[in-house]
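Please read the structure below before turning to the comments.
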Amino acid sequence: MVWVNGRLLREADAVVSAFDHGLTVGDGVFETVKVVNGTPFALRRHLDRLVSSARVLALPAPDLVALRSAVEQTLAAQPDPTEGLRLRITYTGGTSPLGSDRGDAGPTVIVAVAPLVTRAPTSAVVTVPWPRNERGALAGVKSTSYADNVIALAYAKERGASEAVFADTTGRLCEGTGSNVFLEVDGRLVTPTLATGCLAGVTRALVLEWCDAVEEDVPIEALETTSEVFLTSSTRDVHPVHSVDGSALAAPGALTSAAMRVFADHAGAQSEP
Ligand SMILES: Cc1ncc(COP(=O)(O)O)c(C=O)c1O
């Protein structure tokens, strides 16, 4: 069952207008939330980020009470409450004229779920030839304009990897297509600052709060000399990387193992971190 604009519908009936502004011009924002035993993990943080993403696009402020209720009702309608799920909230500019001007019909709200896909225990990543534009209007925004990520992820898959990593326009390490990056630098655990244009990942923030890690910018070439790398995202948690551009890495190395342990302990202990 999928929530569309206030109604819970079967997947086949869950449709939006062909004139929706999220569709052709990418005028929308979204969140992906992990659901464990029926409970969305860190939902408050995801809703906060949806609000800030919507603000950047000058979309009307999302009604968070209504959104929480939509999430609850969508989850309550799932056949197996114990199944691990990914839940996606999409919030677009709504039905609009052709072109970049937004219409005044009001936003489209969609809440959809799918089973959480089990990933391999470690990932290979490749760096991509296209930069993240840390000075662009959408820097750090979880918008539905994600085609850069689609292209980069396909590039990684063609090379046998499961994630692609971007530099920013100045050559600093930035992020993956759907993940943040942590790496060892001089024995410390480091992740790029938000100045690189990376998304302020919910998982990244929790790792920074719970583990001994710092925000620091490094050239993307730091991936060639580091001893360990991991990715973070709502569906990966802390996910070890076993190779970068074909060069093997310890996976998980000591810093990654510690972060995985601390993350699992804290995440299990808190319902709303
Ligand atoms: C571009 C990008 N960076 C980072 C992340 C990780 O963010 P989070 O930990 O909030 O899932 C995502 C999530 O999908 C993403 O799309």
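Atoms within each ligand, like the ligands themselves, are counted from 1 in listed order.
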Trace of the side chain to side chain donor-acceptor pair (under 3.5 Å) decision for Thr108 with Asp20:
CA-CA 8 Å; Thr108 295; Asp20 195 283; 2.4 Å; yes
Report yes if some heavy atom in the side chain of Ile110 is under 4.5 Å from a heavy atom in the side chain of Ile89; otherwise report no.
no
Enumerate the residue pairs fulfilling side chain to side chain donor-acceptor pair (under 3.5 Å) with a member in residues 195-205, sequence neighbours excluded, ordered by first and then second residue.
Arg204-Glu215
Between ligand 1 and the protein, give all atom pairs where both partners are nitrogen or oxygen and the distance is under 3.5 Å, as lines of names plus distance to 0.1 Å.
from     : atom 1 : to     : atom 2 : distance (Å)
ligand 1 : 3 (N)  : Glu175 : OE1    : 2.7
ligand 1 : 9 (O)  : Val202 : N      : 3.3
ligand 1 : 9 (O)  : Thr203 : N      : 3.0
ligand 1 : 9 (O)  : Thr203 : OG1    : 2.6
ligand 1 : 10 (O) : Arg49  : NH1    : 2.8
ligand 1 : 10 (O) : Arg49  : NH2    : 3.0
ligand 1 : 10 (O) : Val202 : N      : 2.7
ligand 1 : 11 (O) : Ser234 : N      : 2.8
ligand 1 : 11 (O) : Ser234 : OG     : 2.7
ligand 1 : 14 (O) : Lys142 : NZ     : 2.8
ligand 1 : 16 (O) : Lys142 : NZ     : 3.1
ligand 1 : 16 (O) : Tyr146 : OH     : 2.4

Only counting residues at least two apart or in another chain, list the ones meeting salt bridge (charged side-chain N to carboxylate O under 4.0 Å, His left out) with Asp63.
none
Could you tell me whether Arg261 sits above the aromatic face of Phe263, with NZ or CZ closer than 6.0 angstrom to the six-membered ring centre and within 45 degrees of the axis?
no
Could you list the donor-acceptor pairs under 3.5 angstrom formed by side chains in residues 79-86, with sequence neighbours left out?
from  : atom 1 : to    : atom 2 : distance (Å)
Asp80 : OD1    : Thr82 : N      : 3.0
Asp80 : OD1    : Thr82 : OG1    : 2.7

